[in-house]
Enquirer: 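Provided herewith is a single structure, encoded as structure tokens, for subsequent inquiry.
None of these values were measured; they are calculated from a predicted model. Chain A is the first sequence line, chain B the second, and so forth, proteins listed ahead of strands; every chain is numbered from 1.
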Amino acid sequence: MSTITVGLPDGRTLEVPAGATVLDVAREIGEGLARAALAGRIAGELVDLRQPLLGDVSKLEIVTSRDPDGADVIRHSAEHVMADAVKRLFPEAQVDVGRADHSEKFQYDFKVAEPFSPEDLEKIEAQVRKIVKEKSPFAREEVSREDARALFAELGEELKLSRLDDIPEGAPITLFRHGEFVDLCRGPHVQNAKQIGAVKLLEAAGAYWRGDESNPMLQRIYGTAFATKQELQEHLERIEEAKKRDHRRVGPQLELFHLDPLSPGSPFFLPKGMVLYNGLVDFVKALYPKYGYHEVMAPQLFRADIYKTSGHYQNFHDDMFWFAGADEGEELGVKGMNCPGHCRIFSVKKRSYRELPLRLAEFSRLHRNERSGTLTGLARVRSFAQDDAHIYCEHDQVETEIHRFFEMMTEVYTALGLEGVEINLETRPEQGFIGEPADWEVGERQLEAAVRSAGYDCGVNPGEAAFYGPKIACDFRDVLGRSWTLGTLQIDMAMPGRFGLRYIGRDGQEHQPAMLHRAVLGSIERFLAVYIEHTGGDFPLWLAPVQVALLPITDRHAEYAGKVRDALEAAGIRVSLDDRSEKLGFKIREAELQKIPIMAVLGDQEQEQGTVTPRVRSDESRGGEGVSVDTFVSDLAEQVARRQVTPGSA
RNA sequence: GCCGACGUAGCUCAGCUGGUAGAGCAACGCAUUCGUAAUGCGUAGGUCGCCGGUUCGACUCCGGCCGUCGGCUCCA
């Protein structure tokens with residue numbers, strides 16, 4: 001009998017018979033490890049414990065619950081147990097598929113006559129616990145396509161038969177069983193259900209069959225699982241903690257904005273929110289001279305013709321706001337995007353290569369008739385503005401322009417202290433795209449190269465780009481882990497042609513310019529949503545709606561406090577003076593809850609010496625030395641001017 | 001738009017199986033003049049999301065609509 005060599009993480013090697021399983025190797029290492037084993041890992045890929053090893057393995061790791069990947073295996077197995085529970089309680093339910101990514105939760109889709117109620121979920125969860133207690137072992141089988149088809153046909157699992165057809169010819173078909181339940185699955189899975197320590201079903205929701213709106217809706221159940229009850233509990237508490245930073249909660253608390261049912265999807269910005277809003281816009285505008293942008297303003301309303309030219313009329317008619325003009329038959333569209341207007345601006349005169357790159361920027365309010373179910377706080381709205389710009393340039397300037405964009409983006413995100421960007425390349429959709437696939441590939445390569453040379457990792461979302469060109473999306477996650485695109489850079493292969501844009505080149509001939517769409521913040525509204533959650537409302541000093549809270553200790557210090565306020569305001573600092581007859585502790589608590597970055601206490605001592613005693617939120621300083629009013633004011637003004645991210649002690 | 005849940009005072013929430021509403025915080029008033037996260041007392045505040053139905057009687061039960069939340073789809 002032939003043997004194979006298996007390398008272990010500690011450098012040792014084992015000789016085992018060919019065909020030995022991962023679990024056999026674990027047993028060789030130790031019985032305790034074998035009992036704890038959840039899966040194996042070879043070259044970074046998880047493999048099932050029952051997988052036979054047919055050749056030498058340079059490194060085989062045994063994954064237990066102590067391994068970060070262990071919980072993924074547990075969740076994946078909990079997923080099967082949940083489907084088993086559903087089948088036991090609802091035998092007529094048909095099983096579709098589970099989730100690909102088990103890093104946080106699991107899910108399964110079911111075809112059932114009635115949606116699951118919250119009570120159903122409780123019953124299913126109870127059933128899941130019961131199955132876990134049964135400790136039934138998971139079994140792995142490799143079967144032929146015919147056997148698999150016969151099995152699922154007999155079980156009446158029509159959705160599975162359809163999924164079976166997705167598996168490419170020649171690929172192995174594996175089944176996993178535990179108890180009565182069987183499903184098409186690659187694994188890996190736990191040894192037995194008891195290894196699933198703690199399971200919680202999170203919610204039920206509708207989901208279209210194969211993600212297609214024209215298909216019937218299945219019922220999806222989400223859940224999560226951990227090796228122990230304690231880990232599950234901690235996970236649920238972390239989620240609750242994160243929800244406290246939700247911008248929909250923090251925004252109204254800090255009086256930044258208001259969302260009103262009388263205009264769904266159109267936020268009201270309150271005075272403090274407006275300071276933030278303008279602060280962001282002014283910041284970007286201030287960078288425009290450096291990066292060579294010219295700000296323009298195109299109309300809010302256009303005749304339908306411009307959108308027919310741009311293609312938006314055909315592609316997005318239902319998602320725009322339309323109404324009749326004063327003249328018979330005149331159809332007007334409310335601006336939902338800036339690009340058509342900028343193309344018109346490009347065409348106002350004969351353009352020369354000497355003018356390129358021409359970078360046109362606009363902050364106009366845009367309106368899109370988003371479907372009601374998609375609206376989400378400030379993150380997805382019907383009324384918004386972008387720090388939008390379109391770059392018209394020669395084709396050989398595209399690469400430099402992409403680099404300049406990332407330079408600017410990095411400068412902005414750094415100044416704001418915004419971390420956690422995930423940059424993704426969105427590539428050509430399967431269908432409905434314009435232009436030549438070869439041109440798409442050139443653009444996609446240019447974009448990806450620019451991302452990497454700017455020092456970022458670059459993910460890929462295949463087929464996600466808009467029809468007119470490849471796209472870079474700067475994505476951030478909200479407190480619930482949902483991804484939102486802020487900055488974008490897109491190459492437009494349609495608009496220059498549709499609008500007949502031309503410039504006279506160095507060679508005296510007419511040429512069509514290249515066109516880029518780009519935004520650093522993206523929608524200011526969405527940016528604020530993400531930014532509020534990332535900062536928890538602790539904005540950098542230069543952006544904070546109220547920068548300093550003056551806290552006089554008693555009424556007799558109010559006059560002095562008024563003078564300090566005047567000095568700060570004269571230096572452009574945003575100040576609030578809390579002259580209510582409350583105790584200092586109360587005033588401090590309020591200022592803390594309002595996340596005001598700097599407090600200044602004013603009492604007898606300060607009044608006599610012409611000082612203030614600062615208390616800085618970010619550095620925990622409490623009741624330290626007083627500083628003179630002049631120093632206080634000039635230090636703060638200097639920090640604001642530098643747009644320092646974290647306020648130091650004044 | 002689709003599936004589900006939810007909607008009570010400015011906010012957070014209570015209100016058993018139908019008998020027309022309550023707390024804390026906030027607001028306002030008075031007292032207090034206070035040194036680094038809540039001073040005390042008092043006052044006011046609600047067409048129980050909207051419309052309709054059942055009932056002697058609806059915050060409570062039923063239906064429709066609107067909105068919000070989670071998910072799906074969409075996202076120029």
Enquirer: Identify the pairs formed between an N or O of the protein and an N or O of nucleotides 73-75 of chain B at a distance under 3.5 Å, and give each distance.
Expert:
residue	atom	partner	partner atom	Å
B/U73	O2'	A/E213	OE1	2.7
B/U73	O2	A/R371	NH2	2.7
B/C74	O2	A/R380	NH2	2.7
B/C74	N3	A/R380	NH1	3.2
B/C75	O2	A/R380	NH1	3.2

Enquirer: Expressed as a whole number of angstroms, how long is the span from A/D388:CG to B/A76:P?
Expert: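 That distance rounds to 12 Å.
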Enquirer: Return the minimal non-hydrogen interatomic distance between A/L159 and A/Q94, and the atom names on each side.
Expert: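 Answer, listing the atom of A/L159 first, then A/Q94: N-OE1, 3.3 Å.
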Enquirer: Go through the steps for A/R518 and A/E401 under the test salt bridge (Lys or Arg N to Asp or Glu O under 4.0 Å), then give the verdict.
Expert: CA-CA 10 Å; A/R518 42 108 287 159; A/E401 288 303 311; over 6 Å; no
Enquirer: Base contacts versus sugar-phosphate-only contacts with protein, heavy atoms under 4.0 Å: please encode nucleotides 28-34 of chain B as B, S and - from 5' to 3'.
Expert: ----BBB
Enquirer: Would A/D305 and A/K308 pass as an ion pair if we require N to O under 4.0 Å?
Expert: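 Salt bridge absent between A/D305 and A/K308.
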Enquirer: What's A/R249 touching, base or sugar-phosphate or nothing? Going by heavy atoms closer than 4.0 Å.
Expert: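 Counting heavy atoms under 4.0 Å across all strands, no contact is made by A/R249.
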Enquirer: Which residue, A/R238, A/K244, A/R245, forms the salt bridge (Lys or Arg N to Asp or Glu O under 4.0 Å) with A/E241?
Expert: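 Answer to the salt bridge (Lys or Arg N to Asp or Glu O under 4.0 Å) test with A/E241 among A/R238, A/K244, A/R245: A/K244.
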Enquirer: When the nearest nucleotide of RNA chain B is assigned to A/I588 and to A/G377 on a heavy-atom basis, which residue is associated with the more 5' position?
Expert: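 Here A/I588 is the residue nearer the 5' end.
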Enquirer: Which protein N or O atoms sit under 3.5 Å from an N or O of nucleotides 3-11 of chain B?
Expert:
residue	atom	partner	partner atom	Å
B/C3	O2'	A/Q219	OE1	3.2
B/C3	O2'	A/Q219	NE2	3.3
B/C3	O2	A/G206	N	3.3

Enquirer: Please determine whether a side-chain nitrogen of the Lys or Arg among A/D604 and A/R556 lies less than 4.0 Å from a carboxylate oxygen of the Asp or Glu.
Expert: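 Yes, A/D604 and A/R556 are salt-bridged.
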Enquirer: Against A/R477, only a single residue in A/E533, A/R482, A/E422, A/H534 fulfils side chain to side chain contact (heavy atoms under 4.5 Å, CB included); can you say which?
Expert: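 Among A/E533, A/R482, A/E422, A/H534, the one that satisfies the side chain to side chain contact (heavy atoms under 4.5 Å, CB included) with A/R477 is A/E422.
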Enquirer: Does the pair A/R368/A/D319 count as a salt bridge with the N-to-O cut at 4.0 Å?
Expert: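 No, this pair does not count.
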Enquirer: Regarding A/E592 and A/K595, does a basic nitrogen lie under 4.0 Å from an acidic carboxylate oxygen?
Expert: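 Answer for the salt bridge query: no.
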